[in-house]
Amino acid sequence: MNFLETNGVTIHVDNGALMNFKALHEQNGAIVGCNVTNNSGKVNVSKGTLSIRGYRVEFTGDEDIYDLTSYQISDTSNYLVVAKITVNSTNRTSILEFNVKRESSGLTQDPIEEGNDGVFEYPLVRFTKSNNAISSFTSLVNKIQSPTYEVATDEEIKALLGIS
């Protein structure tokens, strides 16, 4: 047992990720900023913070994360640029990398925030490439939305409490 909210206790990446994921109502995407654009064939992410299963990725300024001009594609299928987080539960570490994969191959999306070994791939961009030309470049990064709550009416509260 670890009492996590006290001095001198090591907080591991999965502890924070689980709390973040639940606090964001289990949403993945941009908390703030993180606009994804095509910068002369390079995938660029603007300053901001991205949350993927509660694992936060901070971009401190405009950053090119993947060079699509160097990626060789032999067909005109849709491809994705994904942020891939790999978690090792034995030593409680996580690794972030950016990869390209064919969209039709699907995504690996293990519940890594629960402290399990696994991989979670979050799609950042969909694109096609033909004759070294990049087309159909579309950002797939969602903006995390604040939850909306509906206030119960007096009649609904009375009915819930069994009061007439």
Minimum heavy-atom distance between [X] and [Y], given as atom pair plus value:
X    : Y    : result
P123 : Q109 : CD-NE2, 4.5 Å
E63  : E58  : OE2-O, 4.4 Å
G48  : C34  : C-SG, 3.5 Å
K129 : L68  : NZ-O, 2.7 Å
Y55  : A17  : CE1-CB, 3.3 Å

Honestly curious: do [X] and [Y] fall in one hydrophobic cluster under the side-chain, below-4.5 Å linking rule?
X    : Y    : answer
V119 : F21  : no
L140 : L107 : yes
F59  : V141 : yes
Y79  : I134 : yes
V100 : F120 : yes

First locate atom [atom1] of [X], then atom [atom2] of [Y], and finally report the distance between them rounded to the nearest 0.5 Å.
X    : Y    : atom1 : atom2 : result
T49  : N20  : OG1   : CG    : 10.5 Å
I112 : L18  : CD1   : CG    : 11.5 Å
E121 : D110 : CD    : CG    : 9.0 Å
I65  : D62  : CD1   : CG    : 12.0 Å

Side-chain atoms of residues 81-90: list all donor-acceptor pairs with protein atoms under 3.5 Å, sequence neighbours left out, distances to 0.1 Å.
residue: N88; atom: OD1; partner: T90; partner atom: N; Å: 2.8
residue: N88; atom: OD1; partner: N91; partner atom: N; Å: 3.1
residue: S89; atom: OG; partner: D117; partner atom: OD1; Å: 2.9

Only pairs under 3.5 Å count here: list side-chain donor-acceptor contacts from residues 37-45, not counting sequence neighbours, and write none if there are none.
residue: N38; atom: OD1; partner: G41; partner atom: N; Å: 2.7
residue: N39; atom: ND2; partner: D64; partner atom: OD1; Å: 3.4
residue: N44; atom: ND2; partner: D64; partner atom: OD1; Å: 2.9

query = Do T128 and T76 have side-chain N/O donor and acceptor atoms under 3.5 Å apart?
reply =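 Distance-only check fails for T128 and T76.
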inquiry  = Can you tell me how the ring of Y66 sits relative to the ring of Y71, calling it parallel under 30°, perpendicular over 60° and tilted otherwise?
reply    =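 Rings of Y66 and Y71: perpendicular, over 60°.
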Measure the shortest side-chain to side-chain distance between [X] and [Y] over non-hydrogen atoms and say whether it is less than 4.5 angstrom.
X   : Y    : answer
V57 : Y122 : no
R53 : P111 : yes
N35 : K143 : yes

inquiry  = List the residues meeting side chain to side chain contact (heavy atoms under 4.5 Å, CB included) with S146, not counting sequence neighbours, and say none if there are none.
reply    = none
key: With L50, the side chain to side chain contact (heavy atoms under 4.5 Å, CB included) member among V36, L124, I144, N142   =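 Of all the options given, the one that passes is L124.
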